[in-house]
Amino acid sequence: MSSVFITGIGIVSALGIGVEAQREKLVAGKSGLKSAVFLNSIHSNTFPFGEVPYSTEQLFSLIPVNTKLQQSRLQALAALALAECFTYCSPVGTSIRQGLVNATTVGGMTDIEDRYFELILPENQEANTDWASGLDCATGTEHLARQFGLTDFMTTVSTACSSSANAIQYGARLLQQGILDRVVCGGVDSLTRFTVNGFNSLKNLDKEACKPFDANRNGLNLGEGAAYLLLETEASLQQSGNRPLAVLSGYANFNEAFHPTAPSPEGLGAFEAMKRAIEKAGLLPADISYINAHGTATLNNDESEGQAIRRLFGEHVPPFSSTKVYTGHTLAAAGAIEAVFSILSLQHQEIYPGLPFHTPMPTINLVPVKDFRQLQLKHILSNSFGFGGNNASLVFSNYD
Amino acid sequence: MINPLYIKSARAITAQDCFNSNDLSQASRPCTGNRFVYVEPDYSRYFTIMQLRRMSRLTRIGLVAAIECLKDAGIAKPEAILTGTGKGSLNDTEKFMHAIRSFQEGTLNPSPFIQSTYNALNGLIGLHHQVNSYNTTYVHSGFSLEHALLDAALLMGDNTIRNALIGSFEEMTDEHYIIKEKLGFWKSGAVSGEGSFFFFAQQDKTGAVLAIEDLQLLFEPDQQKIRNAVHALLAAHQLQWQDIDVYISGRNKDTRYDSYYDLVSEQLTPATTELQFKQLTGEFDTASGFGLWAATRMVETGQLFPALVLKKGTSTRIKHLLFYNQYYSKQHVLYLLKAVE
Amino acid sequence: MEDFKRLLKLQIIEALNLQGMQPEEIDDNAPLFGEGLGLDSIDSLEMIVLMERNYGIKIEDPREGRKIFESVSTMAEYIQANRKK
C-alpha cells in the first residue's frame, strides 16, 4: 500500500487559533477549559467548556479572505483551520485531483438553534432564509469547499465522536487507490445547546475539569474546534514539492455492537481498532512510542479503553495521556485535533502532560503521563471512540 | 473508475407498496398534500416490545430494510456496514430541540438525543445482527449513499472486506417540510418524499445480480461538464450510446433543474428505454437509492417496472443501465450499471 | 400501595416507550434491570426523568438511581418516602 504523507495541518481549539498557539499551551500544561461565554445555554457556568475564546464575529475578522462562507460559527472555525492547513504548502496545478473529507456531528446547529422556532412557523416569512440551510451537514462542507477550491470532490462523515478519525481513514483510502492525489481531511463542531443538553441528559458531564483515567473521574467536558490534515500521495508530493510533516501509517475502524451508547467493559472495540491500526502500519504494539488516548473521562470510556490498552500492551504500556483536559471533547473535531497534537509530538519529539492526575483506576492501574517530557518518538497511536460502538484508531509515524 | 461492486440483494421501503413484494407491480399510491409518505412495515413481525422501545420511526424502517436485505442475501453477518443519510432521524432531532425549550434545559429524556445521531441506525444494525465490523455513515445530502458505496468499493479494493451492507435512510417531518418550503424546495414542481434502501454488495460476482461498474460524483457542474462526464464514463467502459438498454433519470418535475436530465435524454438512441421514478417516491436527499433498488430488481426479474417507463426503447434486454440523479443541481451522481451474467 | 404500584408501572411503560406492555406483565419484586425486565443504563436515565417530572425527586448520580430502581416495589417505597409532588 502506498504511503500517505501529511504535508499540512491547521487547528482551532480552546487553546487558541493555529498550531503555535496550541503547542505553547500544551508545553506549559495550560488547559483551555473554563465557563462558556458565547454558548447560549443555562449550563454555560455549570460546567467547564473547551470554548474557542472568540466570538463568531471576531473569528470572521481573522479569516484572511472570505467570500463564500455563511455567517456561521461552524464555518468560521473550520475556515481558520483550513486556511492554516494550506499555508504550509505550495499551490498545485489542475492536473492534481484534490478533495475535502469533512466531519461534523450536528452541522450548523449552533447557528440555527436560536432561530429554529420562528423558522418552523409557516406564517413567519423572512425575505432571506438561506441561513437555514446550515441545518444540513453538507452545507458547511460545501461552503468551505467553494472557499478553498475543493469542489471537485467532497463529502461529510458523521459517526459521533470518531467522525474525523473516520474522515482521515477515508481520505487515506481515496489516495491509496488512486481516486485522488491529495485530500484535506478533518472535522469541526461548534458548541451547541443541543449537544450540551444531550450529554447532560446522559449525565456524563463533569462539573469540574475532566480527570481522564483517574479512579475519581466523573465525566467529560464538551469543547469545540476544528482541525484538518492535508494528505498527499508520493505523486502529488513530486508536483507540490511539499515536505511531509509525518506519515499516516496505519488506521482502523471497528464497531463492537455492544450497546447504543456505552462501550463494553472489556473494551473489545477499542482493542480491535488499536490492534488493527498497528497491524495495518506493519508494526507491533512494542513499536508505539506514545498513545494519544480517547480518554473522555466518562466512567465507561476510560474503563474500557484502559482495559483494552492493558490487554494489547500487557506490562509494556507506552506513555499515554488524553489531551481532552486541554480542549474538552470536541466530538467530530476530536480525531483531527488529536491527530494534529500527535504530529506536533512527532515533530518536536515531546509529549504533553495529562494535567492533574491523582488515583489510578484500581482494576487497571494505569498512570498517564503527568509531566511535559522530551523523548524519542517514532510512532504515535491516536484513539477516537464513539456512540454506537464506533471505534477508530490512527497511527502517525516520523517521516525520515 | 472504481472496483466493481456486485449487488446480491436490494430492499426498499418507500411511499409505494414495494416492500413486502420487493417489487413495484402494485398500483401506485398518490401523494398527499405534496408529500409522499412511507408505507410502514409491520414492526411486530421483527421486534419485541423491548427492542422497539429504543427505536423511532426512521430507525425502525431502516433496520427492517436492512434485516430483509441480509435475509435475501442469505448473509447473517456482513463484513462492513456503511450508510448515507441527508438528515438522519429528523423526528428525534426535533423532539430533542422541543424538549430543550419546553423543559428549559432541565432534566431531559436522552433517547431522542441518542437516536438523532446520524450513525444511530448503523449502531442498531450492528447490535441487531451482532456484527463487529467496519461501520461508518456519510451525511452529505445527495452524495450520502454514493460515498457509502464508494467507500465500500475502496475497502474491497484493498481486501479489507469482501462484502458489505450498504444503505440509505431518509424521512420528512411537518417542521422540516416547512423549512424546505421556505428554502424554495417545493416551489417549482418537486414533491417531497421519503425512502430507505439497503443493498448487500460483494467483491465477487458469484450469486450477484447487478454490478456497479462505475460511479461519478459531480458538484454543481455546468451542463457541459455533465455532457463530458457521461461521454467519458461510456468511453472508459468501451460503450456506445446504443449499448445503453435503460436510462434511469431522477427527474422530479422541478422546472429549474430537469433540463440536466435532458442532456442525457438527447443523446439516447431509439434502443434505450427511459425510466423515471420520483412521480412515485417524491424527492429527498438519498432518493438515488430508489434508482439503484429498481435497477437491481428489474435486472433480477428481467422485467421493467411499467410505472416507471417514460419512453419505451427498442432494446429487449436489460444489460447496460445508466442512472443519473441530481439533488437541486448541487450533487450530481452518475451510475454505470451492468447485469451480472 | 397496590394502586400506586399499578400507576407507577403505567408510568414506567410510558416513560420507556414499552408499547403494548400491560402493567400485569411487570412483577412487583422482580429486578427491573438485568435478568428481570432487562432494562439498561439508558432506561435508568429515562426513569430519572420520570422521578423528577412526576414526583419532584431529583437524582443527580445515575449510580444512586440504580439502587432505587431495583424493582417496582423499591421504587414505590422510595417515591412515597421522598416525593415532593
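Lettering of chains follows the sequences in order, A, B, ..., and the numbering in each one begins at 1.
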Residues in side chain to side chain contact (heavy atoms under 4.5 Å, CB included) contact with [X], at least two apart in sequence or another chain:
X         : answer
Ser28(B)  : Gln16(B), Leu280(B)
Ile178(B) : Pro122(A), Lys182(B)
Asn34(B)  : Tyr177(B), Trp186(B), Val191(B)

**Message:** Ignoring hydrogens, what is the shortest heavy-atom contact between Pro110(B) and Ile42(C)? Give both atom names and the distance.
**Reply:** CG-CG2, 4.2 Å
Would you mind checking chain B against chain C for donor-acceptor pairs under 3.5 Å and listing them?
residue	atom	partner	partner atom	Å
Arg53(B)	O	Asn17(C)	ND2	3.3
Arg53(B)	NE	Asp43(C)	OD1	3.0
Arg53(B)	NE	Asp43(C)	OD2	3.4
Arg53(B)	NH2	Asp43(C)	OD2	2.5
Arg54(B)	NH1	Asp40(C)	OD2	3.2
Arg54(B)	NH2	Asp40(C)	OD1	2.8
Arg54(B)	NH2	Asp43(C)	OD1	3.0
Arg54(B)	NH2	Asp43(C)	OD2	3.0
Thr107(B)	O	Arg53(C)	NH2	2.9
Thr107(B)	OG1	Glu52(C)	OE1	2.3
Thr107(B)	OG1	Glu52(C)	OE2	3.2
Asn109(B)	OD1	Arg53(C)	NH1	3.3
Asn109(B)	ND2	Glu46(C)	OE1	2.5
Ser111(B)	N	Glu46(C)	OE2	3.1
Ser111(B)	OG	Glu46(C)	OE2	2.5

**Request:** Answer with side chain, backbone, both or neither: which region of Leu50(C) has an atom nearer than 4.5 Å to a non-hydrogen atom of chain B?
**Result:**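 Neither part.
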**Message:** At a 4.5 Å cut-off on heavy atoms, which part of Ile114(B) comes close to chain C: side chain, backbone, both, or neither?
**Reply:**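 When you check distances to chain C, only side chain atoms of Ile114(B) fall under 4.5 Å.
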